[in-house]
Structure formats: structure tokens, C-alpha cells
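Structure, as C-alpha cells:
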Amino acid sequence: MTSVVTAGGISVTIRGVVVDESETVLDRLVSDGVPGALASRNAKLWGPDAAPLAARRLGWLGLPETSRYLRDRLAGPAADARDAGLDRIVLVASGGTALAAEAMCRTAGRDLVVLDTTDPHEVSGVLAGDLDRTLVVVADDGVEAESLRRVFGRAFSEAGLSGAELARRFVVVAEEDSQLAQAAREVGHHLVLAEPDVDDRFGALGARALVPAALAGVDIDAVLEEASRLAAALRQPYDNPALAFGAALGSSALGPRDKLVIADLGSGLASFAAWAEQLVAGAMGKDGKGMLPVVVEGVDSPGFELTDDLRRIILGRRPDEPGPGREAGVSVAGPLGAQFLLWEYAVAVACRVIGVDPFAEPDTGQSRESTAALLRSEEGTAPTVVRRPPELVEGAVELHTPEDALGGAQTLTEALGTILEGVEDGGYLAVLAYLDRSADAAAAGLRPLLAARGAKVRRHPAPVTFGWGPRYLHTAGQYHKGGPAKGAFLQITGAAAGDVAVPGRPYSLGELQLAQAFGDLRVLRSLGRPAFRLHLRDRAEGLAQLTAALG
């Protein structure tokens, strides 16, 4: 059985038994008046406890229209940048903002340097670029963004810039009356006000993501027009692809298929899956509930095979067309702007179905607090939890584990097999790499290798996810701590050949990065999650060893 719902340039195809499951949920959503209530921004849709926060977080529904002012607002900063020859845009942000802007630029073929990291190697590589052509957009006020803002300020000063000339190298996107906005005004940065009723997770069409994309050359009016064409269908009880998609997600999460495996098959949407991952994980993963998004490299990749606890999503080609993955449960097709709105609406609906507040992040603060405590502590970034000698050393790789966790494994290959075997049935393994996304890109290749090895050593293969640190703290971090307690975690850190001091702070980027890694490791272990750390004494050599051990 196949159901196809099309409107506003979006097509959602649902195939197989999921049709019956989702239609039952869809009928209930319609009878409860959810389409009209959500379009009217009814904050009570997720229950009375969620209503106060939801009332301040539903502005995303109007962004396809309200964000159109940005074209005129950015005319001045864009002209100044052109006149000054500033055509290298660096975005300092995190979470959904960074991922949405990156998806827009990569899909449009525009260059944007996204820095949502504290890795000193990666930051040093960006600083070594052409600073004479660099304009920095700051769209976040977290510890990473604040540190990077200070680092770039010093770099520009050392390059001979000062006063108004230095101030014009920054565009700040922040809410009115925020400390970041106040600081921007004081020093003369270009300031664009962010929406007060839109959060980072649901803000793909808001100022924080659109400003850097526009400055990088993306036609944001076209993106907003794509979303507007879908917005007209969101009040409809039927012929509403976003509602149908939300029912499919919600029905899957209520049942045994609580892993959402996402593969691209010719969608033309570069990097979109990473943005969808942060939305699904962060909005739905709490109160012991939710769906784990698993982004795989393609429909032929390890981990996309159909199992009892997976719901498969294809971005692009419908599953009833000839080609790989045709038996997938759901596929979605359509332009980028409409896809942003589709997923935001569908995930908000799915949160109502499973009974969680889509806008709350009750568990993300634990890692922030743990990181801050380590930075304040006399222990610095070498807490007892990781100061013990490694359980296993092989070449450039150290393996740090809880005591007696390796079951007698003597080699790296055996140890990785033991870790995979130890993932509980119905669980998953998350690989968390605090490395350089550019120079250490090979780390991402560990995901399919671990998934393939898991299929050999386990009777029921466990999904394997991959996240860059500290990026994942703002994307899937909420699910890892607040979702179903089924995760096992393999953290990867690497020796830094050089470090970057943070002006005005008593720590460097390398120290901050280790504090974030160790702080999150502490939290995961305090929650009883199996958590292991691989440390690479030499990054390139260590990654080559891991690849060989799994290959």
C-alpha cells in the first residue's frame, strides 16, 4: 500500500504497513483540530506544562513571510562588505543555526566557513586563510562562539585593524536587549536583530541562519518563497504533507521503530540530513522518549538495512520508483525552503503524538555545567574520570574505559568488537569525535565501518551514529541524555600539535575542547551509559589504525 500527499512543492510518500499506522494517528490529529490549532499558534497543543514556553517559541510558523525584511536590512552590510572586498564569510554559531546556514550555502553552491567547534587545529586552519577578505558573522552567545569572537578579534588586531575598521569585520545576529546585542552596539559591529519568539532548533528560516547565508550569496527570497508555497497548506486537515509526515513520525515513535534512518537519494539538498538530525533528536528526545536519527551515507550504506526497530526515510526519489531503497517506509521530496518548514511542522506534530514538549531542552545544561566546573577546577581538563592510565594502548591509539569493561580484549580490533557486542538490544552506538572536521575528515568514515562490523559480531545489529564534538552537544546531545536510555558512546579525542589562546579567558581552545569532551563523558557515565574514550596520540596515524582495525 502506498500513500502520496503532495502540496506546496512537497511530496511525502508513505509505503507499506506504516500507511495504516500513520493514518490512525492522522485521523486522531484531524479530529483533535491540530492543523488549525498549530497554524493559529495554540501553545496548549503539547499540554499545560509546555504552554508557557511554547507561547514564546512559535514564531517559526510565520518566518516564510516575516523574514522577507532581511533582504533590505542586509543591503547596507552587504554593500559595505563588497566595497571592502570581504567575500569570505565565516559563521560562528552552533546547533540548528549553523547547520541550516551550511545546508543553504552548500545546496546553492555558495562558500561559507562554518565554525561550531573549539578544535584548535580546525580554528587555526581558518585563521590561516585570507583574513583580508574575511567577514565574521556571530549568531550565538555560547561559550564556543564567545571564545571564537575573541580569537578573531585578536587576529584582526594583529593584522593591523583597529577601531571602526575592525568593528566592521563582524556582523552580529542577536535578540534585542541581549548581552551579545549590547556588546555589538558598544563596539560598533553591524547588528541584525534576531526574532525573540524563535529558538535555534526551529529557526532555519530565521535571521540567525538566513543572515550568513545571504551574505554568502544565497538568494534567501527564493528559499522563503519555497517555504511560503507550503505554508498555505498547513491549515488543511488533509492534503497536508507536513501533517501526514508528522503522523508517520509519531506513529513510528509510539511503536517499536524508534530509530529514524535518513539517507539521501538524489534530493539535491546538500547537508540537509544533518540539520534534520538535530531537529528530530533535540525536539523529540526527552522524558525517556523520542526517535534517534541516524544519518547514513546512502541507501547502500551499512546501517540502512531494514530491521525491526528502524523507520527509513529517503530524501529525494520516491520509494515506489525503480532503484535502491525502494521499499523504504517514507520518502520526502521538494525544495530546501519547503523542506525546512515541512520537517519543523512534522516534528512539532510528532512531539504532540508522543507527549513531549518540542521546545524544552531539559538535559542539555548538564554538559555545559560539567564543562564549566572543569574549567573552574584546579584539576583543569584532567579529571579523575579520565586521568587513570588507558586500559589498552596500541600504536597511536589509547583506549580509556571503565574498569573491566573490555572483557579481556588484548587488541584494538578485539576491544572495538567488545564495545559493539556490549550495546544492548534495541540500543545504539554513538561515535563522538572531538577532532578537525577538515583535516580529520576520515573520522566520519568510522561510522559505516563500525556498522558493518556490528552486523558481523551481533545477532541484532545496532545502529551507529556519528557526531563531531562539540557540535553534537547542540544537536543530538539532548537525545543522548534525555531520550531512551539505550545508548553506548565512543568518544574520540586527539592530541593537538598547537593551541589557540582565548583572549581575556584563563583557558585556550584546546583546554576548552577537552573540558567539553571530559565534561560530557562525566555526565554520560553518571547516567549509567556505557561510555568509552579513544585518544589519538597522533591524529592521522590513529585514524588510519582505527580504519585498519575495523576494515
Side-chain angles (χ1 to χ4, degrees), residues 94-95 116-120 142-144 147 281-282 285-288 292 361-392 397-406 415 419 422-424 427-435 443 465-496 502 505-536:
S94 63
D116 55 355
T117 184
T118 48
D119 184 77
V143 64
E144 300 104 317
S147 298
K286 59 203 72 170
D287 302 332
L292 172 73
E361 296 184 326
D363 303 290
T364 57
Q366 296 178 68
S367 292
R368 286 197 301 269
E369 293 162 6
S370 183
T371 296
L374 287 175
L375 291 173
R376 293 192 302 266
S377 171
E378 293 182 1
E379 294 178 310
T381 53
T384 302
V385 71
V386 292
R387 192 188 288 163
R388 291 190 305 105
E391 295 294 313
L392 177 67
V397 180
E398 299 176 352
L399 178 55
H400 297 259
T401 74
E403 291 187 52
D404 303 321
L406 293 184
I419 291 170
V423 178
E424 67 174 277
Y428 66 97
L429 176 66
V431 182
L432 312 170
Y434 283 82
L435 299 170
T465 72
F466 179 87
W468 295 102
R471 168 181 281 196
Y472 77 86
L473 295 174
H474 308 280
T475 58
Q478 168 60 45
Y479 181 94
H480 291 330
K481 300 169 191 67
K486 298 179 180 180
F489 301 89
L490 184 60
Q491 188 184 88
I492 305 176
T493 57
V502 179
R505 292 291 182 264
Y507 49 79
S508 66
L509 287 183
E511 290 169 335
L512 173 57
Q513 181 188 41
L514 286 179
Q516 290 174 311
F518 295 170
D520 194 49
L521 194 68
R522 274 184 163 180
V523 172
L524 292 169
R525 289 181 178 174
S526 73
L527 295 172
R529 310 289 202 267
F532 310 87
R533 182 171 73 98
L534 289 168
H535 181 69
L536 311 181

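- Between R368 and L473, the closest side-chain pair of non-hydrogen atoms is not below 4.5 Å.
- Residues Y472 and Y479 form no side-chain contact, since every pair of their non-hydrogen atoms from C-beta on lies 4.5 Å or further apart.
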* Verdict with supporting geometry, Q516 and T118, side chain to side chain donor-acceptor pair (under 3.5 Å) -> CA-CA 9 Å; Q516 290 174 311; T118 48; 2.7 Å; yes
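- Ring planes of Y428 and H480: parallel class, angle under 30° (limits at 30 and 60°).
- A pairwise comparison of heavy atoms in S367 and K481 identifies OG-CE, 2.8 Å as the closest pair.
- Contact annotation: the side chain of L432 never approaches that of L490 to less than 4.5 Å [non-hydrogen atoms, C-beta and beyond].
- Atoms CG and CD1, on L534 and I419 in that order, are 6.5 Å from each other to the nearest 0.5 Å.
- Rounding to the nearest 0.5 Å gives a distance of 9.5 Å between OG of S508 and CD of Q513.
- For the atom pair E391 CD and D404 CG, the distance stands at 7.5 Å (nearest 0.5 Å).
- Note: F532 CZ to I492 CD1 = 13.5 Å, rounded to the nearest 0.5 Å.
- Contact detail for A531 and L524: the closest heavy-atom pair is CB-CB, 4.3 Å.
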* Please report the C-alpha distance between R522 and L374 in whole Å, then the side-chain angles of each, then the deciding distance to 0.1 Å, and finally whether the side chain to side chain contact (heavy atoms under 4.5 Å, CB included) criterion is met. => CA-CA 10 Å; R522 274 184 163 180; L374 287 175; 3.4 Å; yes
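- Contact check for L512 versus T371: side-chain heavy atoms found under the 4.5 Å cut-off.
- Rounded to the nearest 0.5 Å, atoms CG (D116) and CH2 (W468) are 11.0 Å apart.
- F489 and L429 make their closest contact through N-CD1, 4.1 Å (heavy atoms, listed as atom of the first residue, atom of the second, distance).
- Across H535 and A495, no two heavy atoms sit closer than the pair CE1-N, 3.6 Å.
- Residues R525 and P402 meet the side-chain proximity criterion, which asks for heavy atoms closer than 4.5 Å.
- Looking at R533 and F518, their side chains come closer than 4.5 Å, going by heavy atoms from C-beta outward.
- In plain terms, the two heavy atoms of T475 and G95 that are nearest each other are CG2-CA, 4.3 Å.
- D520 CG to Y434 OH: the interatomic distance, rounded to the nearest 0.5 Å, is 4.5 Å.
- Across all non-hydrogen atoms, the minimal contact from G487 to P530 is O-CD, 3.4 Å.
- Between the side chain of Q478 and the backbone N or O of D363 there is at least one donor-acceptor pair closer than 3.5 Å.
- The shortest side-chain heavy-atom distance between L509 and V502 falls under the 4.5 Å cut-off.
- Distance alone, capped at 3.5 Å, places no donor-acceptor pair between the S370 side chain and the Q366 backbone.
- Proximity of a side-chain donor or acceptor of Q491 to a complementary backbone N or O of A517 within less than 3.5 Å is detected.
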